[in-house]
Amino acid sequence: MENRENTGALTEQTLRLIVKKYSQDELMISEAYGDGGIDPLWPRFERAALNQMDDGDTALSRYAIWANTVRDNIISALELIDDAKPEEAGRLLTRAANAMSAFSDVQAYFDPMGMGKIE
């Protein structure tokens with residue numbers, strides 16, 4: 001993917017290229033934002049959600065950095081599986097799955113179509 005200044009203009013063609021790049025069985029790592037590391041997973045999520053609640057300008061970039069943190073938890077889990085440490089890998093995969101569920105729960109509150117179920 002070429003480096004370009006963010007204009008906010010995602011085209012259908014660019015979207016298709018992104019989907020093509022990532023919809024494979026080989027691990028692909030985005031370089032759109034810096035690496036997330038495996039922590040601070042939850043504080044990053046909270047900052048993104050709070051910014052979204054306040055209609056802040058940085059919500060999308062905060063969510064993208066948080067997404068990299070989720071991704072890095074998964075990558076670390078894959079490495080732990082290779083190192084025959086399934087319990088530690090399971091903990092990181094559970095964190096990643098829970099983080100994605102938390103994202104869905106939060107987005108249900110912002111859904112203008114009301115398709116999300118809010119508990």
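Predicted model, so just to flag it, every value in this text is computed and none were measured.
Here the closest non-hydrogen pair linking G34 and N68 is O-ND2, 2.9 Å. Nearest heavy-atom pair across I81 and A89 is CG1-CB, 3.6 Å.
Residues passing the side-chain contact (heavy atoms from CB on, under 4.5 Å) test with M113, sequence neighbours excluded: D111, M115. Checked against side-chain contact (heavy atoms from CB on, under 4.5 Å), A64 has the following partners two or more places apart in sequence or in another chain: Y33.
Connection of F110 to W66 is established within a shared hydrophobic cluster, with ILVMFWY side chains joined at heavy-atom distances below 4.5 Å, either directly or through further cluster members. Hydrophobic clustering (side-chain heavy atoms under 4.5 Å, transitive across Ile, Leu, Val, Met, Phe, Trp, Tyr) groups L93 together with L41. Hydrophobic clustering of Ile, Leu, Val, Met, Phe, Trp and Tyr side chains at less than 4.5 Å, counting indirect connections, unites L15 with M28. Cluster membership for I74 and W42, using ILVMFWY side-chain heavy atoms within less than 4.5 angstrom, is shared.
The local environment of CG in D57 is sparse, with at most 12 non-hydrogen atoms from other residues, nucleotides or ligands closer than 6.0 Å. Surrounding CD of E12 are at most 12 heavy atoms belonging to other residues, nucleotides or ligands under 6.0 Å away.
Here the side chains of F45 and V106 are in contact, with some heavy-atom distance below 4.5 Å. Residues T14 and T11 form a side-chain contact, since some pair of their non-hydrogen atoms from C-beta on lies under 4.5 Å apart.
With S23 contributing its side chain and V19 its backbone, the two residues share a donor-acceptor pair below 3.5 Å.
Other members of the hydrophobic cluster containing L27, listed by chain and number, are I29, I75; membership follows side-chain contacts under 4.5 Å among ILVMFWY residues, whether direct or relayed.
For the atom pair CG of L92 and CD of E79, the computed distance is 10.0 Å after rounding to the nearest 0.5 Å.
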Would you give me the side-chain donor-acceptor pairs under 3.5 Å for residues 47-56, sequence neighbours excluded?
unit_1 : atom_1 : unit_2 : atom_2 : d
N51    : OD1    : T58    : N      : 3.0
N51    : OD1    : T58    : OG1    : 3.2
N51    : OD1    : A59    : N      : 2.7
N51    : ND2    : T58    : OG1    : 3.1
Q52    : OE1    : Y63    : OH     : 2.7
Q52    : OE1    : Q107   : NE2    : 2.9
Q52    : NE2    : Q107   : OE1    : 3.0

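Applying the salt bridge (charged side-chain N to carboxylate O under 4.0 Å, His left out) test to pairs two or more places apart or on separate chains, those with a residue in residues 60-76 are D35-R71. Listed by first then second residue, pairs satisfying side chain to side chain donor-acceptor pair (under 3.5 Å) with a partner in residues 86-95 read D39-R95, N73-R95, not counting sequence neighbours.
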